[in-house]
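Heavy-atom basis, side chains included; hydrogens, waters and symmetry copies ignored. Values in this document were obtained by computation on a predicted structure and should not be read as measured data. Quick note on labels: first sequence line is chain A, next is B, and so on, each numbered from 1.
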There are 6 protein chains.
Amino acid sequence: MSGLTHFDGEGRAVMVDVGGKDITQRRAVAEARVVMQPETLALIRSGGAKKGDVLGVARLAGIMGAKRTADLIPLCHPLALDKVTLDLTPEGDASIRIEATVACTGRTGVEMEALTAASVAALTVYDMCKAVDRSMRIEGLRLLEKEGGRSGRWSAA
Amino acid sequence: MSGLTHFDGEGRAVMVDVGGKDITQRRAVAEARVVMQPETLALIRSGGAKKGDVLGVARLAGIMGAKRTADLIPLCHPLALDKVTLDLTPEGDASIRIEATVACTGRTGVEMEALTAASVAALTVYDMCKAVDRSMRIEGLRLLEKEGGRSGRWSAA
Amino acid sequence: MSGLTHFDGEGRAVMVDVGGKDITQRRAVAEARVVMQPETLALIRSGGAKKGDVLGVARLAGIMGAKRTADLIPLCHPLALDKVTLDLTPEGDASIRIEATVACTGRTGVEMEALTAASVAALTVYDMCKAVDRSMRIEGLRLLEKEGGRSGRWSAA
Amino acid sequence: MSGLTHFDGEGRAVMVDVGGKDITQRRAVAEARVVMQPETLALIRSGGAKKGDVLGVARLAGIMGAKRTADLIPLCHPLALDKVTLDLTPEGDASIRIEATVACTGRTGVEMEALTAASVAALTVYDMCKAVDRSMRIEGLRLLEKEGGRSGRWSAA
Amino acid sequence: MSGLTHFDGEGRAVMVDVGGKDITQRRAVAEARVVMQPETLALIRSGGAKKGDVLGVARLAGIMGAKRTADLIPLCHPLALDKVTLDLTPEGDASIRIEATVACTGRTGVEMEALTAASVAALTVYDMCKAVDRSMRIEGLRLLEKEGGRSGRWSAA
Amino acid sequence: MSGLTHFDGEGRAVMVDVGGKDITQRRAVAEARVVMQPETLALIRSGGAKKGDVLGVARLAGIMGAKRTADLIPLCHPLALDKVTLDLTPEGDASIRIEATVACTGRTGVEMEALTAASVAALTVYDMCKAVDRSMRIEGLRLLEKEGGRSGRWSAA
């Protein structure tokens, strides 16, 4: 296991130089789950256009969140994103699964953008439902796959 | 279980009116865990000032993230925060526990600020260690307690 | 007609001192119209939850835009908003009317926040429909009413 | 008339994938008018360097606003802009015409940047003059022309 | 000399709790100088409304910069500012003096806002003149005075 | 000495067109000094991981500040940065020297990004130490060298 790339030889945080990397098409997919009470999920399901579209608001927040990644994560490079999509799907009777896909054509990967998008979408679900269920939890936020760049394709086990 | 407060009677998203609420001291505590390979945690532990202070960078990112909450979460009210602190503590041999505490004197609670702070700190740990461990997961992001406002004190079970 | 308050005696732009003003409940309502081809409005109407909720996305953009007002308008004071709501309503067969209401408890009014909210919502409608109708126009963006503060209530003629 | 490109087949908002589009020089021009009382325009005209340069402040706000477009418009791609210029010209005795030109070298057009620039400049004129004229209106915000990209050149009728 | 207030007993960075502090009127004044070649200052002086108002642009940038202080300085509290003014004055034949005054009614001081305003104004002068004079220097950025809060009035020696 | 490039022939501020410039590797180095009382520097030196890492926090703030340059400096082009590093080194017994290096592959230089990074790092040192030393000064903020682009390499005398 090599060292941490975000520090120099003296242990100082740096935004690493990507100037010598190739410009390639890069893509990353991240997921998360919001675990809640069954009554909360029922309320979300009954919403949609009539009573309030929790998943639609969270999807938009996630897309906008992806664009703020370099503002939030100190050593992330600012990137011109090509694409951001989010799926929010009820799963079982007490969970919403969030999947975020981000693509760019650039010198560095978009893993953090995908993870940030999923995270902001999950936080927005929490915000919109917290009046009825404060004990919701966000679980399993992780990278599912990435491709592009020197390290090529990677998928979660 | 009552309805979702972030929608009006027609199901339209709104930033709810808090103008009639009392100004009280409000406080919220959130936690999250970053689960990783033991080698990754060992690398973080060996860091500190000499090889690179992952937890120090993540702590700062979390504090700054708390201040961006209303930019990220669509229906959150902008708030003048009184205090933000983050603790990041290795736990066992393969996990870092993050605890974020936020306080304000205002008309609405700071749950989202505490959750956002913990989330951004966790994402920053991921960013700084992803070159050595892409399979890290963020687990158990949740509210631990809140106080202040009409609903008073609440603690997670 | 008195002079412009955003300049000092030498004609220099200033963020005027509101420190001596009373804290009162303030409210402002603004409106705008997006004028389009009848086919475009028909497409928006047929959308909603199934084909894509243009008005829902624009509403959310307007709410978030209200929070960015002091970032955009150079001499605006940053304000902790109490409430932001937006209504977007088809009007006739070729127009959408947008009404934004913003409230705060503070030392200065929220006219600019209401106008910015309506403006960002209108621009978002344009963005979402521009692939089918580039000739849309945003018309009649104006303040409808304001209340609170020394100057009291004002309504558009 | 085809469908709305900012939604997928299920009606979910997406930031569409521009990764396959060519990088070309793109340019867009937008205009708006701020309609006011003749006394207000007279006050602005008498300003300039001595009493306060309303148009200069608004021009700068428009330029900076163009750079915030992707923060404001949910499904806009972040872009590295090559150029932003704004002209603000008194027109007749009760109106200011604003024209914004934006250029970039990229995979997607800059219509929204030009419209946002014109819109923020117009809102800034309102802000600076609202103490003397609350009934100003922003009218005719529209795209005048665009070029670059697959759809080529387009001009307003 | 006591310890640094922005760290806790373990040396961890914190946004300190100001919740127990009194709300008072606070004010801070900062200054800086941009030192340049005489020809550069002559060019700025000859500008104004006709050839380009360097000082007007820098003034506006400083005012807007004051509003971004809490975004830039990690442990700064977000504050609702009451007032921001900037004076930029040619001094001698090769220097511009910048003075920034910021006021708020709140629980913590506005020193950082005044210093940030002066700093952003000075950087903007540099940006606008760098094509003719790359060797400009920003000197003597410092706090001139502050008042309000428990520590009362302070003036630079 | 030629004219100021950030104004057009009528003296209006513009974001100049860089669309015709070549994409080259660009790099800039800036420096600044924070001058303080010897006791303040002693306190910073005794800090590090145990009592609080002032220089580590300031370094991170500088890196993040570089990414906000186009938000702060009105006529700066937004850029995708390749690299940002900051060194903060105690110098003598009463000063910290800050050196910021920024690189990008683009159509315009990164002088402003390097100067902004150094400036935000210096302001953060001030913020973290102001409770013990209000009279600190930021001195000698200037460009040390730049390379890339048509004008080639430049070094401060």
Side-chain angles (χ1 to χ4, degrees), chain A residues 23-29 47-49 53-72 76-90 96-107 109-110 113-114 116-118 120-121 124 147-149, chain D residues 3-28 64-84 102-117 119-120 146 148-151:
Chain A
I23 293 183
T24 65
Q25 295 223 333
R26 291 156 190 276
R27 190 174 154 274
V29 185
D53 182 9
V54 170
L55 304 187
V57 174
R59 182 182 304 120
L60 216 59
I63 292 171
M64 297 180 82
K67 294 192 268 185
R68 314 302 297 270
T69 303
D71 277 354
L72 295 171
C76 254
H77 295 80
L79 288 175
L81 306 180
D82 283 345
K83 169 192 168 172
V84 184
T85 60
L86 274 105
D87 286 325
L88 293 98
T89 319
I96 287 170
R97 180 174 177 273
I98 298 169
E99 186 176 303
T101 303
V102 178
C104 90
T105 312
R107 289 191 166 78
V110 285
E113 282 73 11
T116 300
V120 172
T124 301
E147 52 191 9
Chain D
L4 300 174
T5 52
H6 281 353
F7 297 104
D8 67 12
E10 311 295 313
R12 289 179 295 225
V14 294
M15 189 197 286
V16 295
D17 194 352
V18 299
K21 290 192 178 185
D22 288 335
I23 293 183
T24 65
Q25 295 221 334
R26 291 155 189 277
R27 188 173 156 275
M64 298 179 83
K67 295 193 266 185
R68 313 303 296 270
T69 304
D71 277 353
L72 294 171
I73 310 298
L75 305 173
C76 254
H77 294 80
L79 288 175
L81 306 180
D82 283 344
K83 169 191 167 171
V84 185
V102 178
C104 89
T105 311
R107 290 193 164 77
T108 181
V110 286
E111 298 97 301
M112 293 316 302
E113 282 73 11
L115 288 162
T116 301
S119 178
V120 172
K146 74 179 286 282
R150 209 180 40 186
S151 62

Undergrad: Quick one: what part of Val18(D) sits under 4.5 Å from any heavy atom of chain A, side chain, backbone, both or neither?
TA: both
Undergrad: Using non-hydrogen atoms only, which part of Ile23(D) is less than 4.5 Å away from chain A: side chain, backbone, both, or neither?
TA: neither
Undergrad: Considering only NZ, NE, NH1 and NH2 on the basic side and carboxylate oxygens on the acidic side, decide whether Asp87(A) and Arg12(D) come within less than 4.0 Å.
TA: yes
Undergrad: Keeping the roles fixed (side chain from Lys67(A), backbone from Ala70(D)), state whether a donor-acceptor pair exists under 3.5 Å.
TA: yes
Undergrad: Can you tell which of Leu79(D), Thr108(D), Leu75(D) has the highest number of heavy-atom pairs within less than 4.5 Å of chain A?
TA: Leu75(D)
Undergrad: Determine, stepwise, if the pair Asp82(A) / Arg26(A) fulfils salt bridge (charged side-chain N to carboxylate O under 4.0 Å, His left out).
TA: CA-CA 9 Å; Asp82(A) 283 345; Arg26(A) 291 156 190 276; over 6 Å; no
Undergrad: Ignoring hydrogens, what is the shortest heavy-atom contact between Ala58(A) and Leu88(A)? Give both atom names and the distance.
TA: CB-CD2, 3.8 Å
Undergrad: Between Ala80(D) and chain A, which part of the residue has a heavy atom less than 4.5 Å away: side chain, backbone, both or neither?
TA: neither
